[in-house]
Amino acid sequence: MAANMENLPEHLLLDILSLVPASDLICNCRLVCSQWRDLVDLPVLWKRKFQKRDSDSSPMPLAFYIFSHLEKNLIKNPDGQDGLDSWEIQTPAEGHWETEELSIEDSKRIHEIIDPFEFGIFGERDEDAPVQLYKCFVARNRPCSKSQLITLKDEGYWDELMDEARPSIVVEDFVSVGPGSCYKLTVKLLSADSEVLQEHQYEEPGVTSWHPVAHAFNNYPQGVRHILFEHKGHKEAKRLKRYRFFPSEDREPSRGETRVLQSTITLEPPPMTEVDEYDEVHDYISVHGYGYNYFNDYK
């Protein structure tokens, strides 16, 4: 069959594949050849399947596959590789944002947190191995903020999918805060007319050691169409003036500065409530390496 279909234009092949049950698409059609694999992975095909709802395609298994396989970071320029591009900058006073390259020591620390398995059970690592140097954003002289407004439809997540599947919206960040400063992360889920449907705020006073921050939105209201992500660096309130900084042995802590990098927003499979409904798709994804993670709310 594949030999007879290989000369078909791709748009016709897509039309045909859209008629195939979802489980056969994943477990059989995707394995035929690289062309079929690429077609099966196209969001437009899964949008058709989600809207068509053939007899074997209830929305939750489809959503599970879509968000397991098509996960991507919705934050543009998360580490300042492109300067301050893609960020809306607010500097109400003398504060300002800039980018800088991290030291070798800080880059190693970040890499150990991001990819701990590379360092083995006992944290061993080849000392001669090249070190990936990271960039970060720095808020200096306080106060200042930077933000991104993400329109989900522009990223390929159509309205019906968001309302019926309601995937986990997972937010992650890395932060280091100098004494006297305070880091604040605000994430808002917005409706089409910019009404705030749900909001999360995290605030951290001076802690100079790098550490991750994470939060997951689950069971939020229908109607989420935009996500507003904002960093703010500002002066630490007087009542919080108990410095909790832990300077490294080889450098002085930076004062009055907030550093952030590796900011991510990803849409991941919604929490499973009816396990039987997921079994076939879940088994395929597990066997073929489409890993997934579930995050509970935490700071």
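Everything numeric here is computed off the predicted structure, so don't read it as measured data.
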Could you go through the side chain to side chain donor-acceptor pair (under 3.5 Å) check for His226 and Thr151 one step at a time? CA-CA 5 Å; His226 310 278; Thr151 299; 3.1 Å; yes
Test salt bridge (charged side-chain N to carboxylate O under 4.0 Å, His left out) on Glu257 and Arg140; report intermediate values, then the result. CA-CA 5 Å; Glu257 297 173 348; Arg140 291 199 166 100; 2.7 Å; yes
Any chance you could lay out the side-chain contact (heavy atoms from CB on, under 4.5 Å) test for Glu155 and Lys72, step after step, and finish with the verdict? CA-CA 9 Å; Glu155 301 298 331; Lys72 60 181 178 180; 3.7 Å; yes
Output, in order, the C-alpha distance, side-chain angles, deciding distance and verdict of side-chain contact (heavy atoms from CB on, under 4.5 Å) for Gln262 and Glu172. CA-CA 8 Å; Gln262 292 285 312; Glu172 296 181 277; over 6 Å; no
Run the numbers on Thr266 and Ile169 for side-chain contact (heavy atoms from CB on, under 4.5 Å), then give the verdict. CA-CA 6 Å; Thr266 54; Ile169 300 175; over 6 Å; no
Criterion salt bridge (charged side-chain N to carboxylate O under 4.0 Å, His left out) on Asp163 and Arg225, from CA distance to verdict: CA-CA 9 Å; Asp163 288 346; Arg225 300 294 178 260; 2.7 Å; yes
Go through the steps to decide whether Gln148 and Trp87 satisfy the test side-chain contact (heavy atoms from CB on, under 4.5 Å), and finish with yes or no. CA-CA 5 Å; Gln148 283 192 34; Trp87 293 93; 3.1 Å; yes
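Sparse packing is recorded around CD of Glu10, with 12 or fewer heavy atoms of other residues, nucleotides or ligands lying under 6.0 Å away. Within a 6.0 Å sphere centred on NZ of Lys76, other residues, nucleotides and ligands contribute more than 12 heavy atoms. Atom CG of Asp85 sits in a crowded spot, with more than 12 heavy atoms from other residues, nucleotides or ligands closer than 6.0 Å.
Asp173 is not listed as a side-chain neighbour of His211, based on a closest heavy-atom distance of 4.5 Å or more. Counting heavy atoms from C-beta outward, Tyr134 and Ile114 have side chains that approach closer than 4.5 Å. Side-chain contact check for Arg37 versus Leu31: every heavy-atom pair is 4.5 Å or farther apart. Using a 4.5 Å heavy-atom threshold, the side chains of Ile75 and Ile150 count as touching. Within the 4.5 Å cutoff, side-chain heavy atoms of Leu102 are placed close to those of Ile110. Side-chain contact between Ile265 and Val170 is absent, with no heavy atoms from C-beta onward closer than 4.5 Å. Here the side chains of Lys232 and Lys146 are not in contact, with every heavy-atom distance at 4.5 Å or above. Between Phe137 and Glu100, every side-chain heavy-atom pair lies at or beyond the 4.5 Å cut-off.
Summarising the geometry of Thr258 relative to Ser181, their closest heavy-atom pair is OG1-CB, 4.0 Å, with the distance given to 0.1 Å. Between Leu267 and Leu152, the shortest heavy-atom distance links the atoms CD2-CD2, 4.2 Å. Across every non-hydrogen atom of Asn73 and Ser263, the tightest pair is ND2-O, 3.1 Å. In terms of heavy atoms, Ser168 sits closest to Pro269 at OG-O, 3.6 Å. The shortest non-hydrogen separation linking Val131 to Ser107 is CG1-CB, 4.1 Å. When every heavy atom of Asn77 is checked against every heavy atom of Gly83, the shortest pair comes out as ND2-O, 3.0 Å.
Here the straight-line distance linking atom NZ of Lys135 with atom CG of Leu261 works out to 12.5 Å at 0.5 Å rounding. The OG atom of Ser103 lies 12.5 Å from the CZ atom of Arg109; values are rounded to the nearest 0.5 Å. Here CD1 of Ile89 is found 4.5 Å from CG of Leu84. Values are rounded to the nearest 0.5 Å. The distance from atom CG of Leu133 to atom NE2 of His111, rounded to the nearest 0.5 Å, is 11.5 Å.
Using a 30° and 60° split on the angle between ring planes, Phe217 and His200 fall in the perpendicular class, above 60°.
There is a path of hydrophobic side-chain contacts, each under 4.5 Å, that joins Trp36 to Leu42. In the hydrophobic clustering of this structure, Val138 does not group with Trp210; members are Ile, Leu, Val, Met, Phe, Trp, Tyr whose side-chain heavy atoms approach within less than 4.5 Å, directly or through other members. At a threshold of 4.5 Å between side-chain heavy atoms, the hydrophobic network of Ile, Leu, Val, Met, Phe, Trp and Tyr places Ile227 and Met162 in one connected group. Hydrophobic clustering of Ile, Leu, Val, Met, Phe, Trp and Tyr side chains at less than 4.5 Å, counting indirect connections, unites Val175 with Trp97. In this structure, Leu149 is not a member of the same hydrophobic cluster as Tyr220, with clusters built from ILVMFWY side-chain heavy atoms closer than 4.5 Å.
Glu203 and Gln201 share no side-chain donor-acceptor pair at under 3.5 Å.
Among Val40, Leu25, Asp24, the single residue meeting the side-chain contact (heavy atoms from CB on, under 4.5 Å) criterion with Arg30 is Val40.
Counting only residues at least two apart or on different chains, no ring pair (Phe, Tyr, Trp, His ring centres under 6.0 Å) pair has a member in residues 8-34.
Checked by atom type and distance alone, the side chain of Asp79 never pairs as donor or acceptor with a backbone atom of Cys136 at under 3.5 Å.
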Under 3.5 Å, side-chain donor or acceptor atoms of residues 185-192 against the rest of the protein: list the pairs with distances, not counting sequence neighbours.
{"from": "Ser191", "atom 1": "OG", "to": "Asp193", "atom 2": "N", "distance (Å)": "3.4"}
{"from": "Ser191", "atom 1": "OG", "to": "Asp193", "atom 2": "OD1", "distance (Å)": "2.4"}
{"from": "Ser191", "atom 1": "OG", "to": "Glu195", "atom 2": "N", "distance (Å)": "3.0"}

